[in-house]
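Inspection log for the structure reproduced underneath, given as structure tokens.
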Number of protein chains: 2
Amino acid sequence: MGNSDKSVVSRLRKLIGEGHYPSGERLGEVAVAEQLGVSRTPVRLAFRTLEQEGLLQRAGKRGFMVREFTEADVHCAVEVRGVLEGLAARRLAEHGLSGALEAELQVWIQRGRDLLAKGYLEERDVDVWSELNRHFHEAIVGSAGSPVIGDAIARNNHLPFAAADSIIIDSEALDREYRKLQLAQVQHELVVQALRHGEGARAEMLMREHAFIGLRYGELLGLGSGRGQAED
Amino acid sequence: MGNSDKSVVSRLRKLIGEGHYPSGERLGEVAVAEQLGVSRTPVRLAFRTLEQEGLLQRAGKRGFMVREFTEADVHCAVEVRGVLEGLAARRLAEHGLSGALEAELQVWIQRGRDLLAKGYLEERDVDVWSELNRHFHEAIVGSAGSPVIGDAIARNNHLPFAAADSIIIDSEALDREYRKLQLAQVQHELVVQALRHGEGARAEMLMREHAFIGLRYGELLGLGSGRGQAED
DNA sequence: GATGTTGTATTTGGATCCAAAGTAAAGGTC
DNA sequence: GACCTTTACTTTGGATCCAAATACAACATC
């Protein structure tokens, strides 16, 4: 069993994310199937999954079409992630964070410090940051007491530009991105501080603000565009 | 084309919601297919949809199992809905609500007033409230500027007890439920008031608190259980 | 007697076939 | 010439068939 089902979903997700299919275009099952070299069956299964993820939407009575995202959609998706991660952080602060979790968060904090300690950013640092950032966020969301919040965030992250690790805009302008990551690092540390002191409201607001870092901090720091580009 | 696909999804959703399948039980495709009187194909499609909705989860390498929900999951799902509807309300307040929307919200407010004016609750009032409540929430969420928030709420509502219209606990104790609906009505009116005056933070908090009405208000009002029962 | 291995049965994934619904096009009528 | 009707084609949904993988069990070996 080649288990091409999962593969078809991720391949289609990638193709759509890369804009390979124009927004609003109807996707025919046969066309996609031939293009991917599989039968119609796995494509049909994948379409249902991608519909639930929000990347496809039903085109009337006739199949699916690529969902088009406006500027407002991107902005909303970022805010949704913000309030959900904020919720997770607040619950964590209110229920008290375990010593183990505090230790783990401290690890990612330290990794961030080490990464930024040298005062500039290298090409390969981007992946390192992306990793530790992902771990940091997953550690908080995963400890919120229920997988429900994490699931909601995961579904939201399927939307383009909504994921937490789509911060990096331009790997050419690493010197300018450095300041942004510095701010992100400070926000991470402040979140942990708030969590440690059981300051639920503060932790929540910090996480909500932290979500905007890839969206609104560009204009603030005088970077080119305020709008981020996904980088996976 | 009988379009049994959609039908299978909703039938399975209902069966799972009613606890027809024990939590954690593995669901075989053939068994479900025979039970529903259809082929394996629509069942396979439905399983993928229900997996994304969070009602099923993969059972190792072999098929799916009914996801089990703890008390904490239910609580989290309600909070998730709260923060998302709160986000929608805040955005609405910040961007200013149109005259048309204000008029529509006023309609549902008035319907609620009319329903509760007679001082008690009848059996058939439950459906009426459920309808106007749904319209009220959909009007706010649908006007938040992007379908992204509404989608996230819709996905969250697939979880049992998370939907906004699962307020009614017991249609036998209508006199006690009346007080709960009175509070809900007041909260609706306060939300509209806040929206009208552009009080984003207040609208957000009111919506967040409003989400708890089916969860925590029971104990407050001296009702039997604090935990709601879905009623669709 | 316990553990590892092999063989069989069950079950899922993929491909193909058939039917039905929808769409588009062509033709006819007013 | 415009609009309605009918027909043909495209496309999706459902059922069945086949292959592959996993799980279970029986057997053999240490």
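A, B, ... follow the sequence lines: proteins, then strands. Residue 1 opens every chain. Just so you know, these numbers use all the heavy atoms, side chains as well, and skip hydrogens, waters and symmetry mates. Everything quoted here is computed from the prediction, not taken from an experiment.
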Rounded to the nearest angstrom, tell me the gap between atom CD in E25(B) and atom P in dT11(C). 13 Å
Whole-Å distance separating the NZ atom of K61(A) from the P atom of dG13(D): 11 Å
To the nearest Å, how far apart are E34(B) CD and dG14(D) P? 18 Å
Between R62(A) and S39(A), which has a closest nucleotide on DNA chain C that is more 5'? S39(A)
Rounded to the nearest angstrom, tell me the gap between atom CG in L45(B) and atom C1' in dG13(C). 12 Å
Closer to the 5' end of DNA chain D via nearest nucleotide, is it G63(A) or T41(A)? G63(A)
Rounded to whole angstroms, how far apart are CZ on R26(B) and P on dC24(D)? 9 Å
From the candidates dT12(C), dG14(C), dT16(C), the one with an atom nearest any side-chain atom of P42(A) is dG14(C)
Value in whole Å for how far the C1' atom of dG14(C) lies from CG of L36(A): 14 Å
Of the nucleotides dA15(C), dT12(C), dG22(C), which has the atom closest to the V38(A) side chain? dA15(C)
Provide, to the nearest angstrom, the distance between the CE atom belonging to M65(B) and the C1' atom belonging to dA23(D). 17 Å
Ion pair check, E79(A) and R90(B), cut-off under 4.0 Å: yes
Between H210(A) and F136(A), is the ring centre distance below 6.0 Å? no
Using a strict cut-off of less than 4.0 Å between a Lys/Arg side-chain nitrogen and an Asp/Glu carboxylate oxygen, indicate whether R134(B) and E131(B) qualify as a salt bridge. yes
Side chain R44(A) and base dG14(D) donor-acceptor under 3.5 Å: yes
Rounded distance (Å) that lies between atom C1' of dG13(D) and atom CZ of F47(A): 14 Å
For the pair R11(B) and E18(B), find out whether any cationic side-chain nitrogen is under 4.0 Å from an anionic carboxylate oxygen. no
